[in-house]
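Remarks on the structure that follows.
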Amino acid sequence: MRPDTPAENVDHTAEAARLERTAGLYPEDAEALLLRAAAHLELSGDRPAATALYDRLLSSTEGLENPPLVRALKASNLWEYGHEAEARAIIEGIRTAAPRDPAPWVIIAESLESHDELEAAAEAFTQGANLLLPTAEETEAGTPPAPATHPLLSGRHRVRRMLGLPHDAWDTLADTLHTSPVSLDELHDPKRVWSLGSDNPAELQAEISRLRAELGAYREALSRPFPVAVLHWPAPELAELLSAYPTLSSEYPSHETHLTTIESSLRELSSSGTANLGIVTGTVPSYEAFAASEGSSPTDASLLPQYATTLAARGRAAAWPPQGAAGCWCGTGEVYGECHGGSQA
């Protein structure tokens, strides 16, 4: 979510300016681009400028895809340069709004944790987990937590370990999902900080091994491939696309067929073992801009999968299948399990 490149290797101010210019050229991607720009400004030390970008997004007349995420990032940034009261107020507002996306929960909980508000951080992690993780019944039925919720479990485990609380079912689940050779209990052991000051070479070497494992797990999370994304056209967009480029009707005989093909394709990919599946939603202006950037015509059907991959790389993919009682990806507003998530789409 935030750039992790060391400041000495990147001119973060220049990169933020470049991303702002790019956002002006691609307004459909402005939210993602400006969030990255704000992160670079934070890394450069210009936190007031980062706050200005968050405020710019929140005051935009265009609807944001994820307002709670922007507010959470703003709160975290404000607290880092002395605006604690405002940050706390935003955090409380997010908790009251109870967003159905794990990212804001992780950000506000980690912000509380970084300022030694461990009890409040544990409460925020737990509140997010209660909203977003499968119920005990769903877990027993074989419904795994979505990958995007794993940081909730791991962060909650870490904070509870620091508070000296006994393991509960979610802590055990976090241990199960953890794949590093060093267990979460070791990685989150509060006593590790003492070993860093030890004069015993064996203790120092053990801590170096733990830190390497932790860094490896972090890098693995950062390098997780973009979702294998399937392109979805809402009915009005598909009608506009076929009106402008009739030759694409061979790809999309009808909107109903298009929706059915999406679900069946994703199920086939899932059954073949492909992980990290997602759906990206296209718009005609965005597709036309992409075709122009590739020096090609929108009538070229081979651009469609490339366009889907590009949208996924920009963070525009929604995970498939939707979890729990989430709405169906097709946009009808129905619960996924009662729409395309039925036994036979």
Side-chain angles (χ1 to χ4, degrees), residues 1 32 65-69 72 94-95 97-110 124-159 168-180 184 217-218 220-230 232 262-263 265-281 308 311-331 333-342 345:
M1 186 173 302
E65 288 188 5
N66 199 338
L69 173 61
I94 292 170
R95 295 185 64 178
R100 297 285 173 166
D101 173 30
W105 291 106
V106 172
I107 291 166
I108 64 173
E110 288 184 346
F125 274 126
T126 300
Q127 185 179 351
N130 278 324
L131 281 171
L132 301 170
L133 292 174
T135 63
E137 293 77 11
E138 289 172 333
T139 302
E140 289 177 2
T143 302
T149 64
H150 291 186
L152 271 176
L153 286 166
S154 178
R156 183 178 181 275
H157 182 289
R158 179 181 61 250
V159 172
D168 62 9
W170 277 338
D171 291 326
T172 302
L173 179 57
D175 286 329
T176 303
L177 295 171
H178 182 67
T179 58
S180 168
L184 274 187
Y218 180 64
E220 182 183 355
L222 286 175
S223 63
R224 188 175 294 120
F226 297 122
V228 177
V230 175
H232 165 229
I262 290 173
E263 182 70 22
S265 298
L266 287 166
R267 293 190 183 200
E268 288 176 11
L269 287 167
S270 179
S271 64
S272 69
T274 304
N276 205 20
L277 298 172
I279 295 177
V280 290
T281 299
L311 290 178
R314 292 176 181 170
R316 306 298 290 270
W320 181 93
Q323 297 295 309
C328 188
W329 54 263
C330 70
E334 296 181 33
V335 174
Y336 173 67
E338 299 173 1
C339 191
H340 284 88

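Numbers for residues simply follow the sequence, beginning at 1. The figures here come from the full heavy-atom set of this structure, side chains too, leaving out hydrogens, waters and symmetry mates.
Sorted by first and then second residue, the salt bridge (Lys or Arg N to Asp or Glu O under 4.0 Å) pairs involving residues 144-156 (not counting sequence neighbours) are Arg156-Asp168, Arg156-Asp171.
A donor-acceptor contact shorter than 3.5 Å links the side chain of Gln127 to the backbone of Arg95. Not one N or O on the side chain of Trp170 forms a donor-acceptor pair closer than 3.5 Å with the backbone of Thr126.
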Going through the checks in order, is the side chain to side chain contact (heavy atoms under 4.5 Å, CB included) test met by Trp105 and Leu131? CA-CA 10 Å; Trp105 291 106; Leu131 281 171; 3.4 Å; yes
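Residues Pro144 and Pro134 have side chains not in contact (no heavy-atom distance under 4.5 Å, counting atoms from C-beta outward). Counting heavy atoms from C-beta on, the side chains of Asn66 and Pro104 come closer than 4.5 Å.
Here the CG atom belonging to Asn276 is positioned 11.5 Å from the OG atom belonging to Ser270, to the nearest 0.5 angstrom. Interatomic distance, Ile262 CD1 to Arg267 CZ, rounded to the nearest 0.5 Å: 13.0 Å. Once rounded to the nearest 0.5 Å, the distance linking NE2 of His157 with CG of Asp175 reads 4.0 Å. Of the inter-residue distances, the one linking Glu334 atom CD with Cys328 atom SG reads 7.5 Å to the nearest 0.5 angstrom. Distance OG1/Thr172 to CG/Leu184: 11.0 Å, rounded to 0.5 Å.
Contacts of Ala146 classified as side-chain contact (heavy atoms from CB on, under 4.5 Å), with partners at least two apart in sequence or in another chain: Thr149, Gln323. Shown here are the side chain to side chain donor-acceptor pair (under 3.5 Å) partners of Glu65, two or more places apart in sequence or in another chain: Arg316. Every residue two or more places apart in sequence or in another chain was checked for a side chain to side chain donor-acceptor pair (under 3.5 Å) with Ser154, and none qualifies. Residues forming a side-chain contact (heavy atoms from CB on, under 4.5 Å) with Val280 (at least two apart in sequence, or on another chain): Ala229, Leu231, Ala308, Leu311, Ala312, Ala317. In this view, Leu177 and Pro145, His150, Leu153, Leu173 satisfy the side-chain contact (heavy atoms from CB on, under 4.5 Å) rule, not counting sequence neighbours.
Annotation for Leu277 and Leu266: closest pair CD1-O, 3.6 Å, computed over non-hydrogen atoms. Ala148 approaches Pro102 most closely through the heavy-atom pair O-CG, 3.3 Å. Scanning all heavy atoms of the two residues, the minimum distance from Tyr336 to Pro321 falls at CE2-CB, 3.7 Å. The nearest pair of heavy atoms linking Phe125 to Leu152 is CD2-O, 3.7 Å.
His232 and Trp329 have perpendicular rings, their planes meeting at more than 60° on a 0 to 90° scale where under 30° would count as parallel.
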